[in-house]
Protein chains: 2
Amino acid sequence: MQDIITDKEREEKQSELVEIMGRISCRGGGTALSGRILGLLSFLDQEEFTFEEIVDRLKISKSSVSTTLNHLMESDKIEYITYPGDRKRYFRIKVNTPKTFIQSLRKYIERFEKVNRAALDLKKDRNSRSAKNIQAMLKSLTFWKAQMDEYEKEFNIDEL
Amino acid sequence: MQDIITDKEREEKQSELVEIMGRISCRGGGTALSGRILGLLSFLDQEEFTFEEIVDRLKISKSSVSTTLNHLMESDKIEYITYPGDRKRYFRIKVNTPKTFIQSLRKYIERFEKVNRAALDLKKDRNSRSAKNIQAMLKSLTFWKAQMDEYEKEFNIDEL
DNA sequence: TAGTCAGTTCGGAAATAATAGAACCAAACA
DNA sequence: TGTTTGGTTCTATTATTTCCGAACTGACTA
């Protein structure tokens, strides 16, 4: 049964989700603030927000918005567009963020793998408990890297 | 060509890796200290370490070691064993840690999925740019959850 | 040329997290 | 009974992160 919901109610609920995103984003490598900005650009019905709108709606300082927007652009999570005769930048989420998400995870995994491989090479006894554990770990890391390749193949959306 | 390496050199290199683990572990949800403890228990040739040995080797305070060891045990990364007539606890890494690693990731993904699904439900226009982006995201989250199931099946080592 | 607009940059305050220090405690033991 | 061993717990201290305010900048505009 579909509830009838007013636009105002809808927006309130959306704003709640924005706050939740802020909370989630702390884990997942981001600040509360970057999470809320991502939520705003993603969850509201409005598709593009100016700098000022973001400041007003989220009630965060211009400086924080400025630095956070730049981080989010650097990490390819958002982008902005402009309109002729309008100085403002209109920010919006960049489509298909998940790919970049995986890329940073891959980097982490690769680093981890490297250290563990080095540690294994230094082991006196490769059949020791801890050496075997490292081997098991490396095996599963290999699994995940393969899965990532799979993923990139499957979701390989055309880059801009 | 295999290099000949003395035990001393080996241990030095292993200790270096322990420090690197400390650095890596910051990302990956842990403290530098917990990373170093994991490295110590995992990378050295010695398989079991007492509380005191950890304190001495890593030069961190008893209190920090105590709390960190307890965290690591809670999150199933390490365990200890005892020997009759010896009060000391002998700490060692718990085999097959990777599984628990995936479990925490899964929890995060599920939370993220939930918020995004809620946001999608609140969208006025499901064909809007941001709505489509959410849909794409959800699709890839589904992919990863399936991959995790796959992983657990493949690496399903017998629980203690 | 002065003034506004749309931000950026710099310094620091506030909050939070990580680590240490010291006192404490329970079990074993002399 | 007092003392040592093997830790724990509670309270600082220190470091780091996050965020803000205020001053600044460069492009445009009146």
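Each chain gets a letter, A, B and so on, in the order its sequence line appears, and its residues count up from 1.
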Any A:Arg89 side-chain nitrogen or oxygen under 4.0 Å from OP1 or OP2 of C:dA6 =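 Looking at the OP1 and OP2 atoms of C:dA6, neither is under 4.0 Å from any side-chain N or O of A:Arg89.
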request  = Look at A:Thr67 and C:dT8 and indicate whether a side-chain polar atom (N or O) is within less than 4.0 Å of OP1 or OP2.
outcome  =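 For C:dT8, neither OP1 nor OP2 has a side-chain N or O of A:Thr67 closer than 4.0 Å.
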ask   = Would B:Phe91 and B:Phe49 satisfy ring-ring contact (aromatic ring centres under 6.0 Å, His included), going step by step from the backbone distance to the final call?
value = CA-CA 5 Å; B:Phe91 294 94; B:Phe49 291 80; 9.9 Å; no
Would you mind reading off the distance between [X] atom [atom1] and [N] atom [atom2], rounded to a whole angstrom?
X       : N      : atom1 : atom2 : result
A:Glu52 : C:dG7  : CD    : P     : 8 Å
B:Ile60 : D:dA15 : CD1   : P     : 17 Å
A:Glu53 : C:dA6  : CD    : P     : 11 Å
A:Ile37 : C:dG7  : CD1   : C1'   : 14 Å
B:Ile54 : C:dT19 : CD1   : C1'   : 16 Å
B:Leu72 : D:dT8  : CG    : P     : 13 Å
B:Arg36 : C:dA18 : CZ    : P     : 14 Å
B:Lys59 : C:dG21 : NZ    : P     : 14 Å

request  = Give a yes or no answer on whether the side chain of A:Glu113 reaches the backbone of A:Thr142 with a donor-acceptor pair at less than 3.5 Å.
outcome  =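 Pair absent, no side-chain N/O of A:Glu113 close to backbone of A:Thr142.
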message = Between A:Ser66 (side chain only) and A:Lys62 (backbone N and O only), is there a donor and an acceptor less than 3.5 Å apart?
response =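 No; zero donor-acceptor contacts below 3.5 Å.
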ask   = Going by the angle between their ring planes, with limits at 30° and 60°, are B:Phe155 and A:Phe143 parallel, tilted or perpendicular?
value =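 Ring orientation of B:Phe155 relative to A:Phe143: perpendicular.
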task = Fit a plane to each ring of A:Tyr83 and A:Tyr90, take the angle between them on a 0 to 90° scale, and name the class: parallel (under 30°), tilted (30 to 60°) or perpendicular (over 60°).
result =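 Perpendicular: the ring planes of A:Tyr83 and A:Tyr90 meet at over 60°.
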ask   = Picking from B:Glu47, B:Arg92, B:Glu48, what satisfies side chain to side chain donor-acceptor pair (under 3.5 Å) with A:Ser130?
value =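 So, applying the side chain to side chain donor-acceptor pair (under 3.5 Å) to A:Ser130 and each of B:Glu47, B:Arg92, B:Glu48, only B:Glu47 qualifies.
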inquiry  = Could you walk me through whether B:Glu53 and B:Gln46 satisfy the side chain to side chain donor-acceptor pair (under 3.5 Å) test, starting with their C-alpha distance in whole Å, then the side-chain angles of each, then the deciding distance to 0.1 Å, before giving a yes or no?
reply    = CA-CA 11 Å; B:Glu53 282 176 323; B:Gln46 183 177 338; 3.3 Å; yes
task = Could you say whether A:Ser61 or B:Ser63 is positioned toward the 5' end of DNA chain D, judged by the nucleotide with the nearest heavy atom to each?
result =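 With A:Ser61 and B:Ser63 compared, the 5'-side residue is B:Ser63.
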Polar pairs (N or O, both sides) under 3.5 Å between protein and nucleotides 23-30 of chain D?
unit_1 : atom_1 : unit_2  : atom_2 : d
D:dG26 : N2     : A:Arg87 : NH1    : 3.2

message = Counting the atoms with a prime plus P, OP1 and OP2 as sugar-phosphate, which does A:Thr31 contact under 4.0 Å by heavy atoms, base, sugar-phosphate, or nothing?
response =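 Counting heavy atoms under 4.0 Å across all strands, the contact made by A:Thr31 is with sugar-phosphate only.
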